[in-house]
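These notes concern the structure reproduced below.
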Amino acid sequence: MDTITSSHGLSKLRPQLPIDQADIDSLSPVLKEELERLKSIFYVSTRKLIEISEQFEKELQDGLDNYGSNISMNVTWVLGWPDGHECGNFLTTDLGGTNLRVCWIKLTERHGETNVIQQEYKLADDLKTGESDALFDFIATSLGDFIEKHKLGGTKDDPLKLGFTFSYPAHQDYIDHGKLVTWTKGLEIKGVEGEDAAGLLRQAMAKRDLPIHLVALINDTTGAMIASAYNDPETIVGAIFGTGCNGAYMENVGSIHKLRTDLPEETPMAINCEYGAFDNAHNVLPRTEYDIQIDEESPKPGEQAFEKMSAGLYLGEIYRLVVVDLYEKGLIFKDQDASKMRNPYILDTGFLSGIENDTSPGMADTKRAFIEKLGFEATPEQLIFSQKLAEYIAVRGARLCTCGIAAICRKKGIQSGHVAADGSVANKHPNFKRRWANAMGEVLGWPVDREEDPITITSAEDGSGIGAAVIAAMTLKREKEGQTAGIKAV
Ligand code: BGC
């Protein structure tokens with residue numbers, strides 16, 4: 001038990017637990033009222049969740065039926081599940097928002113040893129808003145550096161095989177092609193939208209004579225799904241709950257009505273849903289004034305409506321906007337220096353989950369985080385308020401995150417299985433999985449007294465490493481068998 005004394009809040013003996021009702025009752029009436037308002041605007045009821053997931057199901061279907069839909073339901077040309085016997089050595093690279101990761105992967109069949117050597121290359125800030133050439137030259141140079149450093153060899157006649165994880169909405173005519181539709185997650189590199197990202201990387205590698213053959217361009221969700229399925233046959237969906245949000249699942253070719261192909265109707269095809277763009281028309285999502293502000297001030301207003309309410313890149317920013325609003329209304333942080341607080345995107349999900357799960361005496365950890373990030377020392381009352389606000393935003397995000405997956409499961413009649421999930425929100429927020437599971441039960445009507453959840457989140461295997469390698473292996477095998485659908489010989 002810790003003794004914390006103060007004129008407002010936390011002024012009692014309490015165990016080291018997140019704050020409780022008595023702490024909230026100790027807030028000044030104005031702040032208490034404000035907290036009530038925030039609680040209600042961020043709360044998504046069961047009924048609303050069901051309404052959202054029903055609309056989700058319609059938009060998923062629309063994306064399978066038509067090109068140019070909100071949710072684009074991109075075909076990936078990953079035809080079916082891995083059989084677990086995929087083997088070989090592969091180079092993989094993954095363009096994330098902060099780093100470029102390069103791996104060398106030795107696949108030795110399901111349950112065998114998979115060896116990975118990896119290295120991260122820092123993506124400088126000016127690359128994120130610069131020109132296309134600079135980005136692809138950087139990727140090619142990093143690949144060149146990596147293969148030289150690790151003496152991986154490769155020749156013109158027998159090049160190293162590459163799986164390229166490109167986690168942005170890309171339209172794929174072939175598995176080794178991906179035309180970027182629009183940048184997401186804050187990237188703004190000029191000259192790539194509308195272009196084939198695989199082709200741009202190929203050109204940059206050719207300039208350097210790199211002995212590398214780009215076999216497949218993949219999305220992180222498809223990578224997570226296939227990497228997990230390589231070892232876990234109960235995998236049903238690959239999902240990313242991270243900086244961005246999205247999911248992939250396996251569809252029958254015959255149900256992808258927009259696709260013209262000679263493949264038999266029952267052929268399984270992985271679909272990269274790109275469901276971060278759900279409800280861009282703003283029909284059902286319960287957007288608050290803060291969500292509207294995030295959207296309007298983002299580089300891409302009107303895009304990624306669902307992602308902007310639920311993904312890691314935005315949760316800290318929603319929090320910051322609320323706090324700035326209340327500061328301006330004179331409701332909180334009155335005598336504090338608010339200059340740092342005005343910096344967009346200064347707070348990340350780590351900050352939010354840190355506040356929410358702070359059980360240190362007197363919320364000393366949060367106090368420190370405020371000093372570090374925002375440059376001022378919060379009072380006990382402000383700390384209580386902050387913790388509840390962080391909770392409301394995170395709970396809403398986790399509950400919304402069920403809607404896309406529930407819609408996929410309902411659409412496909414999936415009753416049980418594993419959602420292979422990756423990303424900072426899923427992995428670093430200790431309450432995420434529990435909140436997600438509860439909301440999933442509400443949406444799918446699971447019995448309240450169930451002993452276990454029929455659909456559960458599992459930690460995805462390394463999608464952009466092992467997943468990309470397995471997909472490259474599956475593609476080469478199809479090529480060897482003379483199958484040509486979705487494979488362009490370059
Ligand atoms: C991208 C998706 C990606 C997701 C998770 C979204 O912003 O559009 O392609 O799968 O983020 O990384």
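Indexing begins at 1, ligand by ligand and atom by atom, following the structure's order. Model, not experiment: these values are computed from the prediction.
For the residue pair Lys149 / Gln119, a side-chain donor-acceptor distance below 3.5 Å is found, with atom types taken as modelled.
The cationic group of Lys161 does not satisfy the cation-pi geometry with Phe90, failing either the under 6.0 Å distance to the six-membered ring centre or the 45° limit from the ring axis. Figure legend: cation-pi geometry between Lys185 and Tyr168, with NZ or CZ positioned under 6.0 Å from the six-membered ring centre and within 45° of its axis.
In this structure the side chain of Ser464 never reaches within 4.5 angstrom of the side chain of Asp220, judged on heavy atoms. Here the side chains of Gln61 and His257 are in contact, with some heavy-atom distance below 4.5 Å.
At a 4.0 Å heavy-atom cut-off, the residues surrounding ligand 1 are Ser167, Tyr168, Pro169, Thr184, Lys185, Asn219, Asp220, Thr221, Ile240, Gly244, Cys245, Asn246, Glu274, Gln304, Glu307, listed by chain and number.
The aromatic rings of His150 and Phe146 sit tilted, their planes meeting at an angle between 30° and 60°.
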